[in-house]
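Here's the structure we're looking at; comments come further down.
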Amino acid sequence: CFSVQQTPMKKTKALIGDAGATFSNAFTATPLCCPSRSSILTGQYPHNHSVRNNSLDGNCSSPLWQKGPETTAFPVYLSKQHYQTFYAGKYLNQYGKKETGNVGYVPPGWDQWHALMGNSQYYNYTLSVNGKEEQHGDNYEKDYLTDLILNRSLHFLDDRSPQRPFFIMLSPPAPHSPWTAAPQYEKNFTDVKAPRDGSFDKPGKDKHWLLRQPSNPMPSTSLNFLDNAYRKRWQTLLSVDDMVEALVKKLEELKVLNNTYIFYTSDNGYHTGQFSLPIDKRQLYDFDIRIPLMVRGPGIKPQQTLPAPVLNIDLAPTFLDISGLNLSFVNMDGQSFLSQMVIPLKCSSMSWRNAKCLSCSSLLQQCFPDCVCEDAYNNTYACVRTLAEHNLQYCEFADTESFVEVYNLTSDPHQLENIVKKVDPTLLQAMNQRLIKLQSCEGDSCRVFPKHGSYQYGCQCLENRNRI
């Protein structure tokens, strides 16, 4: 469908990935916007920060969130370390609503605040600029959000005090819907289609009921819809690629590039046609839980590919580790992976993390053409994963079927066959017990688990007990 040379992120790969470390096993704690972003901010699993989905009832940017987990998010600690902090772009889906303090509410720890009210938009949106409302229209030069947050970050770099360290977090809308490309990129990738490999348009046999309901093979209406979405997503990412290039250039001009760590990542994966699901996220499979993660900075050798497993809950403690903070003073479930980048891995890369938990979200909703629904009230699951000699994933669903799925990703990387009936029952029992413990872990207890034979445990979960 497209050549391997064709990608919207060429400059980003060259300037960050090739200039530093690329993590090949990076995962989100939950493949849904608000819970995932809350995990990035707090370094905690969803069962500890209590953000279950994208709604206020699900604790997304709610008063409970603001009075609790947000007060110990990583920017609070960076501010105490005398960092100059800057945020621009989408924050949390419910941010700016009346019930959450309107635009006047600025989360603690941020010196400069340019946050989008609500969910992703490219034009015709409202920002909270340091607590004051700022309306935007549809003029590309003035309003295109990806470019706007870039330009404001460049001004911040020019105006900052060179005597104090800085932290910038940019959250562009791309490639989130409504997939509005910049004018100069609207005709790019006209020949690109979603990849037809792996689990694309494969039947969801032996999987939970939500995966068994799509038509297979997909009708042409679904194929056209998902291909169009795929192209538009790529088009929007070209502006993100430009953003990365401009930031690196500015840091170089200011002669601080070699003293600055740059992270590139996302809050979730995405699917376009896998198991005949047109487009969305929130499923347990690798295409939704895997995220990109590239880092460059002082002491990181270029062109490294690191297989050590990393979760987005590990980002916050890594930022704080870089700042010099003693991590024993913070209550985070994740752990810093700074040493994994700066010091080459020795022996087994899996020795760094023994256990890891990802928690997830889900009546039928998120329905697309041909009545394929991507989500449901009881699309609630929790998974445990081995990441050592055998790459196994064990998942339990909180539905009327009490459905269980098990995959050997070493021999079946696209998760086509559910092998729950073929696996040693003692191993299933052991993974079930690990999962139970990981779902209630906190802090250090999330990171210390014994091995079972040659298996080491990691965990992934998604909770969907309220409407999204």
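Each residue takes its place number in the sequence, starting with 1.
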Check: Are L435 and Y394 close enough that some pair of their side-chain heavy atoms sits under 4.5 Å apart?
Finding: yes

Notebook entry, point to check: Closest approach of P35 and N54, non-hydrogen atoms and distance?
Noted result: CD-OD1, 3.7 Å

Next item on the list: Ignoring hydrogens and angles, state whether a donor on the side chain of Y123 or Q121 is under 3.5 Å from an acceptor on the partner side chain.
Entry: no

Next item on the list: Mind checking salt bridge (Lys or Arg N to Asp or Glu O under 4.0 Å) for E99 and listing every partner two or more places apart, or none if nothing turns up?
Entry: none

Notebook entry, point to check: Is there a side-chain contact between L428 and N432 (heavy atoms, below 4.5 Å)?
Noted result: no

Next item on the list: Report yes or no: does S38 contribute a side-chain atom to a donor-acceptor pair with the main-chain N or O of C34 at less than 3.5 Å?
Entry: yes

Margin query: Return the CD to CG distance between Q304 and L306, rounded to the nearest 0.5 Å.
Written below: 5.0 Å

Note to self: Any side-chain to backbone donor/acceptor pair from N25 onto P307? Under 3.5 Å, distance only.
What the structure shows: yes

Check: Counting only N and O atoms by type, is there a donor-acceptor contact under 3.5 Å from the side chain of Y144 to the main-chain atoms of T180?
Finding: yes

Note to self: Does this structure show an ion pair linking E401 with R212, if we count only N-O contacts that are shorter than 4.0 Å?
What the structure shows: yes

Notebook entry, point to check: Does Q283 offer a backbone N or O that forms a donor-acceptor pair with the side chain of D288 under 3.5 Å?
Noted result: yes

Item checked: Considering all heavy atoms, the nearest L170-M243 contact -> CD1-SD, 3.9 Å

Check: Does the T386 side chain pair with the main chain of L392, one donor and one acceptor, at a distance under 3.5 Å?
Finding: yes

Checklist line | Which atom of K281 lies closest to which atom of G269, heavy atoms considered | finding: CB-O, 3.8 Å

Margin query: Run the ring pair (Phe, Tyr, Trp, His ring centres under 6.0 Å) test against F166 and tell me which residues pass, sequence neighbours left out.
Written below: none

Item checked: Any donor-acceptor N/O pair, T272 side chain to I279 backbone, under 3.5 Å -> no

Next item on the list: Give the C-alpha distance, both sets of side-chain angles, the deciding distance and a yes or no for side chain to side chain contact (heavy atoms under 4.5 Å, CB included) between N268 and F27.
Entry: CA-CA 8 Å; N268 52 255; F27 301 91; over 6 Å; no

Note to self: Is any side-chain heavy atom of M169 closer than 4.5 Å to one of I40?
What the structure shows: yes

Item checked: Those residues that, when tested against A73, pass side-chain contact (heavy atoms from CB on, under 4.5 Å) (two or more places apart) -> L41, P75

Note to self: Give me each pair satisfying salt bridge (Lys or Arg N to Asp or Glu O under 4.0 Å) with a member in residues 31-50, each pair once, sequence neighbours excluded.
What the structure shows: R37-D267

Notebook entry, point to check: Looking at side-chain heavy atoms only, is the closest gap between M9 and V240 below 4.5 Å?
Noted result: yes

Item checked: V384 side chain reached by L438 side chain, heavy atoms, under 4.5 Å -> yes

Margin query: Within the 3.5 Å criterion, strictly below it, is a donor on Q393 or Q415 matched to an acceptor on the partner's side chain?
Written below: yes

Next item on the list: Say whether, by atom type as modelled, one donor and one acceptor occur between the side chain of T72 and the main chain of P69 under 3.5 angstrom.
Entry: yes

Next item on the list: List in chain and number order the residues that pass ring pair (Phe, Tyr, Trp, His ring centres under 6.0 Å) with H136, two or more places apart in sequence or in another chain; answer none if no residue qualifies.
Entry: Y125

Checklist line | Non-hydrogen side-chain atoms of F337 and L315 separated by less than 4.5 Å | finding: yes

Next item on the list: Measure from the ring center of F275 to the ring center of Y285 and say whether it is less than 6.0 Å.
Entry: yes

Checklist line | F403 to N418 - nearest heavy-atom pair and separation | finding: CE2-ND2, 3.9 Å

Notebook entry, point to check: Got a sec, which pairs hit salt bridge (Lys or Arg N to Asp or Glu O under 4.0 Å) with one end in residues 197-209, sequence neighbours left out?
Noted result: none

Next item on the list: Count the heavy atoms of every other residue, nucleotide or ligand shown that sit under 6.0 Å from CD of E134, and state whether that count exceeds 12.
Entry: yes

Check: Excluding sequence neighbours, so at least two apart, what forms side-chain contact (heavy atoms from CB on, under 4.5 Å) with N119?
Finding: K90, N93, H176

Margin query: Quick one, N312 and D314 - any side-chain contact, counting heavy atoms below 4.5 Å?
Written below: no

Margin query: Show, in sequence, the C-alpha distance, side-chain angles and deciding distance for F200 and L226, and conclude whether the side chain to side chain contact (heavy atoms under 4.5 Å, CB included) test is met.
Written below: CA-CA 11 Å; F200 183 88; L226 69 89; 4.0 Å; yes

Exercise answer: donor-acceptor pairs, residues 106-117 side-chain atoms, under 3.5 Å, sequence neighbours excluded:
unit_1, atom_1, unit_2, atom_2, d
D111, OD2, T85, N, 2.9
D111, OD2, T85, OG1, 3.4
Q112, OE1, N130, ND2, 3.4
W113, NE1, Y95, OH, 2.9
H114, ND1, R152, NH1, 3.2

Next item on the list: Output yes when a side-chain donor or acceptor of D241 lies under 3.5 Å from a complementary backbone atom of T12, and no otherwise.
Entry: yes

Next item on the list: Could I get the full list of ring pair (Phe, Tyr, Trp, His ring centres under 6.0 Å) partners for F167, not counting sequence neighbours?
Entry: F74, F319

Notebook entry, point to check: Short question: side chain of E245, backbone of K11 - any donor-acceptor pair under 3.5 Å?
Noted result: no

Margin query: Which heavy atom of L284 sits nearest to which heavy atom of C383, and what is that distance?
Written below: CB-SG, 3.9 Å

Note to self: Among R296, M294, K13, exactly one meets side chain to side chain contact (heavy atoms under 4.5 Å, CB included) together with T22. Which residue is that?
What the structure shows: M294

Checklist line | Any side-chain donor near an acceptor of the partner, Q135 and T126, under 3.5 Å | finding: yes

Note to self: Under the salt bridge (Lys or Arg N to Asp or Glu O under 4.0 Å) definition, can you give me all pairs with a residue in residues 218-234, not counting sequence neighbours?
What the structure shows: R196-D227

Note to self: ring-ring contact (aromatic ring centres under 6.0 Å, His included), that's the test. Do Y270 and F287 meet it? Break it down for me.
What the structure shows: CA-CA 6 Å; Y270 205 73; F287 44 73; over 10 Å; no

Checklist line | H49 (side chain) donor-acceptor with V51 (main chain) under 3.5 angstrom | finding: yes

Notebook entry, point to check: Between Y91 and Y87, how do the two ring planes meet: parallel, tilted or perpendicular, split at 30° and 60°?
Noted result: perpendicular

Note to self: Less than 4.5 Å apart, side chain to side chain, heavy atoms only: is that true for S39 and P46?
What the structure shows: yes

Notebook entry, point to check: Where is the tightest heavy-atom contact between S239 and D147, given as atom of each residue plus distance?
Noted result: CB-OD1, 4.2 Å

Note to self: Considering only residues two or more places apart or on different chains, which pairs with a residue in residues 409-418 satisfy salt bridge (Lys or Arg N to Asp or Glu O under 4.0 Å)?
What the structure shows: E417-K422

Margin query: Distance alone, cut at 3.5 Å: any donor-acceptor contact between the side chains of T318 and D321?
Written below: no

Notebook entry, point to check: Listed by chain and number, what are the salt bridge (Lys or Arg N to Asp or Glu O under 4.0 Å) partners of E133, not counting sequence neighbours?
Noted result: none

